[in-house]
Novice: 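So that we are looking at the same thing, I have put the structure below in structure tokens.
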2 protein chains.
Amino acid sequence: MTGIDVHAEVSVLLRVAGQRYTPTRRQIIDALMSTRRPMTITDLLEALPDVAQSSLYRNLTTLEQGGVVSRVVSTGDTGRYELSEQLAGHHHHLVCSQCGAMRDVVIPESLETTLDDAFARVAKREGFRLEHHRLDLIGVCGECRNAQD
Amino acid sequence: MTGIDVHAEVSVLLRVAGQRYTPTRRQIIDALMSTRRPMTITDLLEALPDVAQSSLYRNLTTLEQGGVVSRVVSTGDTGRYELSEQLAGHHHHLVCSQCGAMRDVVIPESLETTLDDAFARVAKREGFRLEHHRLDLIGVCGECRNAQD
DNA sequence: ATGAGTGCAAAGGCTTTGCATTAGG
DNA sequence: CCTAATGCAAAGCCTTTGCACTCAT
């Protein structure tokens with residue numbers, strides 16, 4: 001998806017949610033689009049030095065409620081955000097157990113289908129209405145592997 | 001795995017880590033064994049009313065470093081802990097998107113094998129040394145479904 | 001003009017740390 | 001005895017909130 005498409009889509013999503021697409025929000029989206037990994041609050045503050053911390057938090061909340069971004073659960077002590085899957089596509093994460101870095105990763109479509117089928121059965125068995133799944137691959141990233149040599 | 005086995009195993013793990021298996025730590029393990037879901041700090045404090053909050057945090061850290069318990073990443077604002085997979089066996093979690101509750105769930109062994117194979121390939125492609133995977137099924141639990149009727 | 005968005009500072013809430021006391025080997 | 005573990009209280013850190021100001025419609 002190109003940047004223009006994303007901005008147009010965000011604009012629609014926010015309008016539906018009764019929210020404006022302000023310059024600050026556009027900057028946040030630009031920052032999130034610029035990388036293939038969830039960004040921490042710190043990352044975002046560094047990328048947007050003119051945005052107050054409180055504004056960042058408030059905008060992220062607004063964007064999340066509008067379905068534009070998603071809060072990513074991570075091991076770290078600070079929150080992480082990414083574009084919602086509606087905008088970025090379905091994906092998973094590689095998580096480095098040493099440095100904590102996260103990176104997006106896509107698994108074969110056939111495997112996703114297998115997973116969806118199996119999970120649907122498990123959810124039914126457990127009396128659970130399944131919405132989606134979250135899958136992280138934990139290991140050691142290339143940089144940390146090199147650093148150990 | 002029976003309770004006796006778990007305590008014996010914990011004792012060994014802690015000894016290897018150079019740590020003692022104190023009464024407080026045994027109480028924590030008993031609490032974690034009593035339920036099939038990760039417990040929050042609040043849960044544990046309620047289950048162990050005579051244990052100071054700081055002791056709980058410190059013991060959980062010690063137990064985690066010894067490989068006895070695992071910190072579970074969750075959406076909530078407070079930490080969650082469970083017995084390590086070495087003690088509790090490999091499993092995943094059902095996470096309720098409405099009430100935040102988590103519950104253990106096991107998926108078919110054949111699916112785990114399929115996942116492991118596929119993930120190994122993905123990790124290799126990405127220059128990642130895979131350690132394990134984390135899989136959550138997000139949806140609405142039975143209680144919340146009933147509450148909506 | 002009228003409500004939303006912003007910045008700054010203060011307050012909140014979970015977690016960690018300091019320090020004196022107690023228990024275990 | 002000597003180190004580890006505990007309790008209580010204080011400090012830290014990320015996040016949220018209050019309030020006045022500015023911007024957009």
Side-chain angles (χ1 to χ4, degrees), chain A residues 7 10-32 38-66 68-82 100 102, chain B residues 7 10-32 38-66 68-82 100 102:
Chain A
H7 285 304
V10 171
S11 182
V12 171
L13 285 170
L14 287 178
R15 197 170 5 253
V16 168
Q19 299 288 347
R20 302 176 191 161
Y21 198 15
T22 64
T24 299
R25 291 173 189 170
R26 178 175 277 264
Q27 286 180 64
I28 294 172
I29 300 303
D30 279 331
L32 292 177
M39 292 180 78
T40 65
I41 297 293
T42 306
D43 291 338
L44 286 165
L45 285 174
E46 289 174 356
L48 286 63
D50 294 334
V51 175
Q53 200 178 46
S54 57
S55 291
L56 176 60
Y57 278 106
R58 277 192 277 235
N59 278 311
L60 286 171
T61 301
T62 300
L63 291 168
E64 187 179 22
Q65 288 171 347
V68 178
V69 308
S70 300
R71 184 177 217 145
V72 176
V73 300
S74 75
T75 319
D77 37 9
T78 155
R80 276 191 153 88
Y81 286 84
E82 64 182 2
M102 298 187 85
Chain B
H7 285 304
V10 171
S11 183
V12 170
L13 285 171
L14 287 178
R15 199 172 0 255
V16 168
Q19 299 288 346
R20 302 175 191 163
Y21 197 15
T22 65
T24 300
R25 289 173 189 171
R26 178 175 278 265
Q27 285 180 65
I28 293 172
I29 300 305
D30 279 331
L32 292 177
M39 293 180 77
T40 64
I41 298 293
T42 306
D43 292 337
L44 286 165
L45 285 174
E46 288 174 356
L48 286 63
D50 295 334
V51 175
Q53 200 178 46
S54 57
S55 291
L56 177 60
Y57 278 106
R58 277 191 278 235
N59 277 312
L60 287 171
T61 301
T62 299
L63 291 169
E64 188 180 21
Q65 289 172 345
V68 178
V69 307
S70 300
R71 184 178 217 143
V72 177
V73 300
S74 76
T75 319
D77 37 8
T78 155
R80 277 190 152 88
Y81 285 85
E82 65 182 3
M102 299 187 85

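So that the names make sense, note that chain A is the first sequence line, chain B the second, and so on, each numbered from 1.
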Novice: Could you tell me whether A:Gln53 contacts a base, only the sugar-phosphate backbone, or nothing, with contacts defined as non-hydrogen atoms closer than 4.0 Å?
Specialist: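 Here A:Gln53 touches the bases of the nucleic acid.
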Novice: Could you measure the distance from the CZ atom of B:Arg80 to the CZ atom of B:Arg71? Nearest 0.5 Å is fine.
Specialist: 12.5 Å
Novice: Using side-chain heavy atoms (C-beta onward) and a distance below 4.5 Å, is B:Gln65 in contact with B:Gln19?
Specialist: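 No, their side chains stay 4.5 Å or more apart.
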Novice: Can you check the A:Leu56 CG to D:dT16 P distance for me, whole Å?
Specialist: 11 Å
Novice: So, does A:Thr78 get its side chain near the phosphate of D:dC13, meaning an N or O under 4.0 Å from OP1 or OP2?
Specialist: no
Novice: Rounding to an integer number of Å, can you tell me how far A:Gln65 CD sits from C:dA4 C1'?
Specialist: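 One finds 14 Å between C1' of C:dA4 and CD of A:Gln65, rounded.
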Novice: Contact class for A:Thr24 (heavy atom, under 4.0 Å): base, sugar-phosphate, or nothing?
Specialist: sugar-phosphate
Novice: Can a side chain N or O of B:Asn59 be found less than 4.0 Å away from OP1 or OP2 on D:dT6?
Specialist: yes
Novice: If you compare every side-chain N and O of B:Thr22 against the phosphate oxygens of D:dT6 (OP1, OP2), does one of them come in below 4.0 Å?
Specialist: yes
Novice: Expressed as a whole number of angstroms, how long is the span from A:Leu14:CG to D:dA24:P?
Specialist: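 My rounded result for the distance is 17 Å.
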Novice: To the nearest angstrom, how far is A:Tyr21 atom OH from D:dC23 atom C1'?
Specialist: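 It works out to 18 Å between those atoms.
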Novice: Would you say A:Thr62 and A:Asn59 are linked by a side-chain donor-acceptor pair, where the criterion is simply a distance under 3.5 Å?
Specialist: no
Novice: Reading DNA chain C from 5' onward, which residue's closest nucleotide shows up sooner: B:Pro23 or B:Arg58?
Specialist: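 Per heavy-atom nearest nucleotide, the more 5' residue is B:Arg58.
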Novice: What's B:Ser54 touching, base or sugar-phosphate or nothing? Going by heavy atoms closer than 4.0 Å.
Specialist: base
Novice: Determine whether A:Ser11 and A:Arg15 satisfy the following criterion, side-chain contact (heavy atoms from CB on, under 4.5 Å), listing intermediate values before the conclusion.
Specialist: CA-CA 6 Å; A:Ser11 182; A:Arg15 197 170 5 253; 3.4 Å; yes
Novice: Could you tell me how far apart B:Leu45 (CG) and C:dT15 (P) are, to the nearest whole angstrom?
Specialist: 10 Å
Novice: Rounded to whole angstrom units, what separation is found between the CG atom of A:Leu48 and the C1' atom of C:dG5?
Specialist: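 Computing the A:Leu48:CG to C:dG5:C1' distance gives 15 Å.
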Novice: Identify, between B:Asp50 and B:Arg20, the residue whose nearest nucleotide on DNA chain D lies closer to the 5' end.
Specialist: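 Here B:Arg20 is the residue nearer the 5' end.
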Novice: Is there side-chain contact between B:Leu45 and B:Thr40, with at least one heavy-atom pair below 4.5 Å?
Specialist: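 Not in contact.
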Novice: Starting from P on C:dT17, measure out to CG on A:Asp77 and report it in whole angstrom.
Specialist: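 Whole-Å distance recorded here is 12 Å.
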Novice: Of the candidate nucleotides D:dC14, C:dT6, D:dT16, which contains the atom at the shortest distance from the side chain of A:Ser55?
Specialist: C:dT6
Novice: To the nearest Å, how far apart are A:Arg80 CZ and D:dT15 P?
Specialist: 11 Å
Novice: As a test of reading the structure: which of D:dA4, C:dG5, C:dT15 is closest to the side chain of B:Tyr57, going by heavy atoms?
Specialist: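 Nearest nucleotide to the side chain: C:dT15.
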